[in-house]
Number of protein chains: 2
Amino acid sequence: MDAAILNSNPKKSIRYRMENSIPPTAAPSRTAPSPLRAALDRSAWVRRAITILADDGVDGLRVEILAKSLKVTKGSFYWHFKDRRDLLDAVLVIWKEGRVSDIRKQTQCQPGGEATALLHTIDVYAAARNRKGIHIEAAVRDWARRDAQAASVVEEVDAERLACACRLFLACGMSDSEARARSVMLYAYVFGVSLMRCDRFAPDLLELKHWIADRIAR
Amino acid sequence: MDAAILNSNPKKSIRYRMENSIPPTAAPSRTAPSPLRAALDRSAWVRRAITILADDGVDGLRVEILAKSLKVTKGSFYWHFKDRRDLLDAVLVIWKEGRVSDIRKQTQCQPGGEATALLHTIDVYAAARNRKGIHIEAAVRDWARRDAQAASVVEEVDAERLACACRLFLACGMSDSEARARSVMLYAYVFGVSLMRCDRFAPDLLELKHWIADRIAR
DNA sequence: CAGCGTCCATACGGTTCCGTATGGTTGGAT
DNA sequence: ATCCAACCATACGGAACCGTATGGACGCTG
């Protein structure tokens, strides 16, 4: 609701062939044709970029590396994107959309099922199985420490997640301040475990996590 | 081609200064010579390197940037360090020593004061006041995602911290598994809050933090 | 078939950074 | 006075990348 940043810019699909000042004249022609070798589109570049981001961080996300990863040259990249910054912004938009839709899906529940939905949310987000998502999350958060745009996106995602959790806590009958405190505790814990290396300290990590989740949610 | 023969210096294979962090206790006559412009030593380089690491991450820690930050050229750097990796290893050693000694200092207490020591530890580590330490922590942890050496150091630091907290919980009379679970929850929370941007969501963050700390430690 | 838009390859100049080679300066020991 | 070791500057080759310029292949359309 309060999302002030609406990304409804219709001119976002400008191709960057030349710096001619002529905007695309509507171009109401049909969708992408299908040549024999499937042409890459923006989303394919962004998807692969997110994979590289997860592995190597923002500073490791280089256009020539990315192009080589897609078996093309950067001549293709600069047709789809104005520059590297343009790619990074697109990555942030896609990541934000995915995180917002995901947290809404994870926290939706029937009336009365809020407590189990909370435990489910903690379980999903604190699980080590979704390693790629965790790596992306860590990379974006580290990126946000030095980039204002990334910081803004992280803040919006955090706000959405906190609001989703808070809604569940409130539905469980908690006070406003307790619901907010538990929400902060929930996500702080979830983000924290993804950073820690406690395998040696806690061989029974799964049981510990269940104990902790129970203590956060109830 | 035969220019090496003209050089009368027989040993020129190693130009950079050896020996890592152990101060030379031998060589009694060798005190610090004080030229007009104080010469840099390894620790000065490492200290400044950690500052840059906090701001720009590992990938932003470049030897030419670092040298310029110290008002010298990299010719000086390569006298003190074998290469960039040598500097990074030294950074890890110094960081680890500092974190281990710090957590031991924070968690030491008189018998009977374990509960307050726990609250104090949470308060110190979750406080946003030590911003530089948080940034270093985040940078090192992100670094550890792609570097085995850094990952090893992070693991050791985490193990030491978990052990320190666990000791306090055990002294409070908790069972072994509960003490370990609470330790994991404590540090996961502490690391997590340092990553979150919840100012907008929780204007009364201090009260929330106290509520959370009480719930973790008690 | 001629023309145009789409998508990609190639080539190039420029910047940043690494690591090495080598020379210069300084202060203390001999 | 001289020599040496500590410490730093300068210069260089090479690699990795960025962004631009330009042309080519290919399919669609008039």
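Naming convention: chains lettered A, B, ... in sequence-line order (proteins, then strands); numbering from 1 in each chain.
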task: Could you identify which residues of residues 47-65 of chain A place a heavy atom less than 4.0 Å from some atom of DNA chain D, listed by residue number, or say none?
output: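 Hits under 4.0 Å, by residue number: A:R62, A:V63, A:E64, A:I65.
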
As a test of reading the structure: which of [options] is closest to the side chain of [X], going by heavy atoms?
{"X": "B:T73", "options": "C:dT10, D:dC18, D:dT10", "answer": "D:dT10"}
{"X": "B:Y78", "options": "C:dA9, D:dC8, C:dC18", "answer": "C:dC18"}
{"X": "A:K74", "options": "D:dG19, C:dC18, D:dC8", "answer": "D:dG19"}

task: With sequence neighbours left out, write down each residue that passes salt bridge (Lys or Arg N to Asp or Glu O under 4.0 Å) with A:K209, or none if nothing qualifies.
output: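 Residues passing salt bridge (Lys or Arg N to Asp or Glu O under 4.0 Å) with A:K209: none at all.
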
Salt bridge check: are [X] and [Y] linked by an N-O gap of less than 4.0 Å?
{"X": "A:D86", "Y": "A:R42", "answer": "yes"}
{"X": "B:R104", "Y": "B:E160", "answer": "yes"}
{"X": "A:R141", "Y": "A:D158", "answer": "yes"}

Nearest-nucleotide 5' precedence on DNA chain D, A:R85 against B:G75: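 Closest to the 5' end, via its nearest nucleotide, is B:G75.
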
query: Name the one of B:Q149, B:E156, B:E155 that satisfies side-chain hydrogen bond (donor to acceptor under 3.5 Å, both in side chains) with B:S152?
result: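 The option that passes is B:E156.
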
Taking [atom1] from [X] and [atom2] from [N], how many angstroms apart are they, rounded to a whole number?
{"X": "B:D83", "N": "C:dG19", "atom1": "CG", "atom2": "P", "value": "5 Å"}
{"X": "B:L87", "N": "C:dG19", "atom1": "CG", "atom2": "C1'", "value": "14 Å"}
{"X": "A:F81", "N": "C:dC7", "atom1": "CZ", "atom2": "P", "value": "12 Å"}
{"X": "B:W79", "N": "D:dA9", "atom1": "CH2", "atom2": "P", "value": "14 Å"}

query: Are the side chain of B:D41 and the backbone N or O of B:A44 linked by a donor-acceptor pair below 3.5 Å?
result: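 Yes; judged by distance alone, with no hydrogens or angles, the pair exists.
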
